[in-house]
Protein chains: 2
Amino acid sequence: MSNIREVARLAGVSVATVSRTLKSPERVLPETRDKVNAAVEQAGYRPNLMAVQFRSRRTGNLVILVPAIANTFFARVISGAQQAAQAAGYRLLLCDTQGRAQIEREFAALVYAHQADGVIQLRASDPFESMPTGAESLPLVNACEVVKGAPYPTISLDNRAAAQAMTEHLIGLGHRRIGIIKGPRSSPLTLDRVAGYQDALRQAGIAVDPSLICHGDFTLKAGDDGAGAMLELADRPSALFCENDEMAIGALRRIKQMGLRVPEDISLVGFDDIPFAAYCDPPLTTISQPAETFGQKAVEMLIALIEKKPIAERHVVLPFGLTVRGSTAPRARQ
Amino acid sequence: MSNIREVARLAGVSVATVSRTLKSPERVLPETRDKVNAAVEQAGYRPNLMAVQFRSRRTGNLVILVPAIANTFFARVISGAQQAAQAAGYRLLLCDTQGRAQIEREFAALVYAHQADGVIQLRASDPFESMPTGAESLPLVNACEVVKGAPYPTISLDNRAAAQAMTEHLIGLGHRRIGIIKGPRSSPLTLDRVAGYQDALRQAGIAVDPSLICHGDFTLKAGDDGAGAMLELADRPSALFCENDEMAIGALRRIKQMGLRVPEDISLVGFDDIPFAAYCDPPLTTISQPAETFGQKAVEMLIALIEKKPIAERHVVLPFGLTVRGSTAPRARQ
DNA sequence: GTGAAAGCGCTAACAA
DNA sequence: TTGTTAGCGCTTTCAC
């Protein structure tokens with residue numbers, strides 16, 4: 001592989017002229033440009049990005065920390081982020097952290113080590129924590145699940161309002177015993193959703209029953225297990241609210257296995273509106289989120305941060321939608 | 001952020017000694033080492049990876065080109081790859097190419113530009129094609145959907161045998177009219193699966209009926225549409241073979257919408273065994289693949305290539321499994 | 001065991 | 001408009 005000197009020699013110009021021709025052609029005479037371009041062609045020259053970035057102290061790489069790439073919702077977020085990055089001339093370094101802080105730190109360190117220009121974190125946790133001094137001011141954007149009162153920009157959903165709207169939908173159908181399968185204890189997002197669920201219950205004058213709140217981890221199996229536990233209760237709920245669609249789909253299987261029907265015997269709802277939600281039997285009532293927009297906004301804000309451009313709104317809240325399908329129905333007369 | 005000179009000054013040694021302490025501590029006196037380490041600590045020093053890699057001409061980055069990250073099967077492949085990379089001290093740069101050669105080329109160029117050490121391609125296409133001279137010898141491994149007779153290492157499944165086994169399973173249940181929803185024309189993988197399907201039919205003395213072969217693109221919607229078309233045939237099939245689980249799940253919805261039952265009226269099978277397959281109603285009979293192993297093997301082979309270690313087997317074929325669940329049953333008497 | 005010095009490939013200030 | 005030159009931060013001989 002040839003280098004810039006080789007090209008300069010072939011074109012009969014200085015290395016500076018080659019560099020200029022590549023970076024700002026308008027500052028070079030057309031005929032010089034042509035000579036250089038011909039030489040580049042002839043030498044099969046590709047600039048060594050390593051050297052370019054080393055010198056210009058800008059990599060064009062953005063790290064995005066994803067708790068679980070296999071999660072259909074995050075896949076959509078990534079897709080939006082990738083498109084925005086591409087449009088702005090940046091590349092996305094995707095990292096499946098499996099929610100582990102150690103892996104997050106390792107990848108966030110790429111910024112500290114000048115291997116990436118900034119980080120997008122999709123989990124409520126600061127990946128620069130416990131980094132050497134100065135790290136707190138590195139370009140970081142937090143999206144999806146965000147840290148409350150974070151010093152860095154955030155893009156979030158009003159999870160509390162969304163959960164409340166969903167619970168109100170169920171209450172409106174006559175349900176009064178509504179179970180909820182929530183996420184892991186460590187997730188602030190799940191706290192918000194439970195809070196919204198409780199808001200709706202209280203406003204309807206329904207007592208919050210702790211036995212109707214069950215922990216899960218956003219997987220199919222967690223929904224399956226959670227539904228199993230919930231339906232064995234003596235006074236079982238007539239509606240079940242799962243904090244994501246995966247768990248709802250898991251719950252759906254268990255409900256059917258136990259010989260109950262959705263929505264006749266029990267209403268079931270999810271959260272996220274993943275593609276499979278519309279293909280369940282019955283199709284799932286759920287909260288839809290503009291997943292791609294999360295990724296897109298996060299990238300745009302991060303780039304603004306990196307390029308030190310002003311940011312209009314540091315804490316963006318995206319709208320949710322209540323998508324009613326066939327998995328909810330009025331409570332059956334007992 | 002401090003640099004190596006700052007640390008050298010603090011420790012009262014030369015930059016060379018600092019570098020050595022970090023790279024090969026055993027070549028430095030313990031007391032010198034301690035001085036240096038203290039200075040590193042004090043300065044909050046982090047080596048500039050950009051400079052390290054520029055100098056040592058090795059990045060520790062592996063590019064993995066994924067046609068669609070949202071695809072549940074690829075998500076598992078990535079997971080396996082990530083684990084193997086981590087274990088070997090490499091990082092994975094994930095790229096969602098949306099099957100577009102332009103994006104693939106752009107990311108593959110990272111290798112050419114010394115930004116990554118090698119590439120894993122999960123699609124049957126050479127991302128280095130039309131690159132400047134010398135590109136053909138760059139470290140590349142092709143997994144999942146592979147190029148026939150490729151000059152680079154490959155990891156694949158015997159798709160033909162798998163499709164044949166699946167078709168034989170259906171024939172064994174008494175089905176004789178078996179429809180197939182295949183992938184896009186450009187995919188060699190789909191050709192193999194159709195060939196396997198035809199092998200099984202021929203061996204059973206069943207004529208191949210072109211009207212029972214339908215094109216799709218591996219999405220839920222494609223399965224939905226494909227099943228719709230297939231079931232409107234005058235002499236409709238009693239079994240439907242979808243080339244992936246997503247399409248099977250799409251087909252399942254349409255079959256039910258048309259008032260038919262699975263498996264009583266029509267047997268339905270998929271391919272891949274994604275997590276959702278076991279959670280369908282009925283659970284899906286499908287071909288299981290060791291998805292994580294694809295990723296793991298690909299990374300291991302790529303690293304061997306990069307580090308110029310010998311590779312035992314250049315074309316690995318992984319085993320498949322026939323997972324029979326509730327979506328297949330003996331053909332009903334008409 | 002340690003230091004001095006050269007230079008990886010490129011960019012950017014400055015000079016011409 | 002183009003060339004000269006001085007590094008970017010680090011690794012790696014080669015002396016000592």
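All chains are named by letter (A, B, ...) in the order of the sequence lines, taking the proteins before the strands, and each is independently numbered beginning at 1.
In this structure, A:Ser19 has no side chain to side chain donor-acceptor pair (under 3.5 Å) partners at least two apart in sequence or on a different chain. Every ring pair (Phe, Tyr, Trp, His ring centres under 6.0 Å) that B:Phe54 has, sequence neighbours left out, goes to A:Phe54.
For A:Thr97 (side chain) and A:Gly99 (main-chain N/O), a donor-acceptor pair under 3.5 Å exists by modelled atom type. For A:Gln121 (side chain) and A:Ser125 (main-chain N/O), a donor-acceptor pair under 3.5 Å exists by modelled atom type. Between the A:Arg91 side chain and the A:Thr59 main chain, a donor and an acceptor come within less than 3.5 Å of each other.
At least one side-chain nitrogen or oxygen of A:Thr32 sits closer than 4.0 Å to the OP1 or OP2 atom of D:dT2.
Taken to the nearest 0.5 Å, the CE atom of B:Met301 stands 6.5 Å off from the OG1 atom of B:Thr154. With rounding to the nearest 0.5 Å, the separation of CD1 in B:Ile4 from CZ in B:Arg9 is 14.0 Å. Rounded to the nearest 0.5 angstrom, A:Leu65 CG and A:Glu106 CD are separated by 11.0 Å.
The distance from atom CZ of A:Phe54 to atom C1' of D:dC10 is 7 Å, rounded to the nearest whole Å. Atom pair B:Asn3:CG and D:dG7:C1' shows a separation of 13 Å (rounding to whole Å applied). Here D:dG3 presents its P atom at 10 Å from CG of A:Leu29, a figure rounded to the nearest Å. Across the protein-nucleic acid pair, B:Glu6 atom CD and D:dG9 atom C1' stand 13 Å apart, rounded to whole Å.
Within the helix from C:dG1-D:dC16 to C:dA16-D:dT1, the inter-axis angle between the opening and closing five-pair segments is 30°, rounded to 10°.
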Give me, pair by pair, the N or O atoms of the protein and of nucleotides 11-14 of chain D that are less than 3.5 Å apart, along with how far apart they are.
{"from": "D:dT11", "atom 1": "OP1", "to": "B:Lys23", "atom 2": "NZ", "distance (Å)": "2.9"}
{"from": "D:dT11", "atom 1": "OP2", "to": "B:Ser19", "atom 2": "OG", "distance (Å)": "2.8"}
{"from": "D:dT11", "atom 1": "O2", "to": "B:Arg55", "atom 2": "NH1", "distance (Å)": "2.8"}

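Heavy-atom contacts of chain B under 4.0 Å fall on DNA chain C between two terminal nucleotides, which in 5' to 3' order are C:dG1 to C:dG9.
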Give the table of side-chain donor-acceptor pairs shorter than 3.5 Å for residues 32-39 of chain A, with sequence neighbours excluded, one pair per line with atom names and distance.
{"from": "A:Arg33", "atom 1": "NH1", "to": "A:Pro25", "atom 2": "O", "distance (Å)": "2.8"}
{"from": "A:Asn37", "atom 1": "ND2", "to": "A:Arg33", "atom 2": "O", "distance (Å)": "3.3"}

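Closest heavy-atom contact between A:Phe128 and A:Ala108: CE2-O, 3.4 Å.
Heavy-atom contacts from other residues, nucleotides or ligands closer than 6.0 Å to CD of A:Glu31 number 12 or fewer.
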